[in-house]
Colleague: 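Sharing a structure, written as structure tokens. Questions coming.
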There are 2 protein chains.
Amino acid sequence: MQLPPLVQTFVLHFGEMGSRWGINRTVGQIYALLFVAERPFNADEIVERLGVSRSNVSMGLKELQAWNLVRLQHRPGDRRDYFTTPEDIWQIVRTLVEERKKREVDPTLTLLRELLMQDAATEEERHAQERLKEMHDLFELFAGWYADVRRLETERLVQLLTLGAKVQKVLEMKDRLTRLPGRIGGRASKPD
Amino acid sequence: MQLPPLVQTFVLHFGEMGSRWGINRTVGQIYALLFVAERPFNADEIVERLGVSRSNVSMGLKELQAWNLVRLQHRPGDRRDYFTTPEDIWQIVRTLVEERKKREVDPTLTLLRELLMQDAATEEERHAQERLKEMHDLFELFAGWYADVRRLETERLVQLLTLGAKVQKVLEMKDRLTRLPGRIGGRASKPD
DNA sequence: TAGCAATTTCAGAAATGCCTGAAAAGTCAG
DNA sequence: CTGACTTTTCAGGCATTTCTGAAATTGCTA
């Protein structure tokens, strides 16, 4: 592995973390390398730096492309493909979440819905369905929240995250204010 | 595998999903089984239902205990250990997130901080550090947000998730209001 | 169209992770 | 302390995944 120590440490760590996430080590390493690189790399440059086979890099890049996690670039007068990660780290987060949702959450929701449609023959199955319903509702709640939040501009998203639980305070404030006669701010909500 | 079809489908799916998450299939299956079970199971009951070896179940349960994901119970006059998942699905979510943070986020943050302390010999390393700083700040932002919301009661958390991006509206309203002279609501913020 | 450069495919080797049975260790009642 | 019951450990076999080198494919240029 032909890398500055700082980069090497990061690449190795990221490769390990990848393993815990169902992503194989090489794929994790390639991504880490591209992430910290100051310019696009072609496949051979990656081979040099990571010390793995050319074919392995090819497969890794293919997988990263399937995840929409790397971008392909070309240089004039050079036929080789050059790869980068998006400059904007928030774009990376968005892609990652989007893809994981597509591959893991959506199929699970589909399965849960199917299982909830079936009718339970035994008490055991009836109880299982109750639990699956809880899980289904939980997933739906997260999916709904995500569908909402994904549209926010990054700036707003950061604002939200920075506030954290303090949002609760703001909500309470809103509750009080929107009940005032005269509609000082926002749309008046019906009293419940 | 000796299970009602509905439960079996779920258990198999969950086992597969487990694989994608760095959790092995058996562990995923054991957890799925306990999750939908209407009563605690002992190790032999799990063996029967999943059709795997006793030792495999033992190791799986040990791992789930290390993750705080199962609870151990005893019955009077019965020496065997009986296992359940928490009744409250939100408790499960909380544990899952907490443990993943402890095992993945925290060590990564530690590493990133270390790498940012080092001084960069080359331009390449300097740029790498810039990227690592972005990643570090991102992780910190999430960690801070999480430290905040983890304390919320479930009811509040659900409220927040249900609102989703509509919180943004509330934030805008707050922005306007807190700038008003006379401090109608909340603490006045300094104009920037 | 031939020739070259780059990438992809794929069969088998290597590595890793998982599972099992057998044995060891732990735990309780009498 | 003994014996019965239960859980844990672990070496070795099995299965799956990952990685490689060689060959095939793609695509460009002359």
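The sequence lines fix the lettering, A, B, ..., with proteins before strands; numbering per chain opens at 1. Everything quoted here is computed from the prediction, not taken from an experiment.
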Colleague: dC19(D) C1' sits how many Å from Ile30(A) CD1, rounded?
Modeller: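 The distance from CD1 of Ile30(A) to C1' of dC19(D) comes to 12 Å, rounded to the nearest Å.
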
Colleague: Once you round it to whole Å, what is the distance between P of dT16(D) and CZ of Arg25(A)?
Modeller: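 Between P of dT16(D) and CZ of Arg25(A): 20 Å.
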
Colleague: Using atom CG of Asp78(B) as one end and atom P of dT27(C) as the other, report the distance to the nearest whole Å.
Modeller: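 Atom-to-atom, Asp78(B) to dT27(C), this comes out as 16 Å.
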
Colleague: Starting at CZ of Arg20(A) and ending at C1' of dG17(C), how long is that distance when rounded to a whole Å?
Modeller: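 Value for this atom pair: 15 Å.
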
Colleague: With heavy atoms under 4.0 Å as the rule, sort Asn56(B) into base, sugar-phosphate or nothing.
Modeller: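 Asn56(B): base contact, heavy atoms under 4.0 Å.
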
Colleague: Looking at the side chain of Asp81(A), which of dT7(D), dC19(C), dT7(C) is the nearest nucleotide?
Modeller: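 From the listed options, dT7(C) comes nearest.
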
Colleague: Looking only at the side chain of Arg80(A) (C-beta and beyond, no hydrogens), which of the listed nucleotides dT7(C), dC19(D), dT6(D) gets closest?
Modeller: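 Between dT7(C), dC19(D), dT6(D), the one nearest the side chain of Arg80(A) would be dT7(C).
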
Colleague: Go through the side-chain N and O atoms of Asn68(A) and Thr95(A) and say whether any donor and acceptor fall under 3.5 Å apart.
Modeller: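 Result is no, nothing qualifies.
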
Colleague: Side chain of Arg54(A), heavy atoms from C-beta onward: which of dT9(C), dT20(C), dT8(C) has the nearest atom to it?
Modeller: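 My answer, after comparing the listed nucleotides, is dT8(C).
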
Colleague: Do Arg49(A)'s NZ or CZ and the ring of Phe41(A) fall within the cation-pi criteria of under 6.0 Å and 45°?
Modeller: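 Ring-cation test returns yes.
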
Colleague: Of all the choices, dT20(C), dT7(D), dC5(D), which nucleotide is nearest to the side chain of Arg79(B) once you look at every atom?
Modeller: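 Selected nucleotide (nearest to the side chain): dC5(D).
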
Colleague: To the nearest Å, how far apart are Leu72(A) CG and dT26(D) C1'?
Modeller: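 To the nearest whole Å, that distance equals 15 Å.
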
Colleague: Could you say whether Gln65(A) or Ser19(A) is positioned toward the 5' end of DNA chain C, judged by the nucleotide with the nearest heavy atom to each?
Modeller: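 The residue whose closest nucleotide sits nearer the 5' end is Gln65(A).
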
Colleague: Between Arg156(B) and Gln159(B), do the side chains contain a donor N or O and an acceptor N or O under 3.5 Å apart?
Modeller: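 Gln159(B) vs Arg156(B): donor-acceptor pair found between side chains.
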
Colleague: Roughly how many Å is it from CD in Glu45(A) to P in dA6(C), rounded to a whole number?
Modeller: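 After rounding, the reported distance stands at 12 Å.
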
Colleague: Are Arg103(A) and Trp67(A) in a cation-pi contact, defined as NZ or CZ under 6.0 Å from the six-membered ring centre and within 45° of the axis?
Modeller: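 Yes, cation above the ring, under 6.0 Å and within 45°.
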
Colleague: Out of dT18(D), dA6(C), dT7(C), which has the shortest distance to the side chain of Ser58(A)?
Modeller: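 In terms of side-chain proximity for Ser58(A), the closest of dT18(D), dA6(C), dT7(C) is dT7(C).
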
Colleague: Examine Arg150(B) relative to Trp90(B) and say whether NZ or CZ is less than 6.0 Å from the centre of the six-membered ring and inside a 45° cone about the ring axis.
Modeller: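 No, Arg150(B) and Trp90(B) do not form such a contact.
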
Colleague: Which whole-number value in Å describes the distance from Glu63(B) CD to dC19(C) P?
Modeller: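 These atoms are roughly 11 Å apart.
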
Colleague: Is any side-chain N or O of Lys62(A) closer than 4.0 Å to OP1 or OP2 of dT7(C)?
Modeller: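 The answer is no; no side-chain N or O of Lys62(A) sits under 4.0 Å from OP1 or OP2.
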
Colleague: So, does Asn24(B) get its side chain near the phosphate of dG17(C), meaning an N or O under 4.0 Å from OP1 or OP2?
Modeller: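 Answer is no, no contact under 4.0 Å.
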
Colleague: OP1 or OP2 of dA22(D) sitting under 4.0 Å from any side-chain N/O of Ser55(A)?
Modeller: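 For dA22(D), neither OP1 nor OP2 has a side-chain N or O of Ser55(A) closer than 4.0 Å.
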
Colleague: Over how many whole Å does the gap from Met59(B) atom CE to dG17(C) atom P extend?
Modeller: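 Atom CE in Met59(B) sits about 14 Å away from atom P in dG17(C).
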
Colleague: Select from Gly22(B) and Phe83(A) the residue whose nearest nucleotide in DNA chain C is closer to the 5' end of that strand.
Modeller: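 Going by which nucleotide is closer to the 5' end, it is Phe83(A).
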
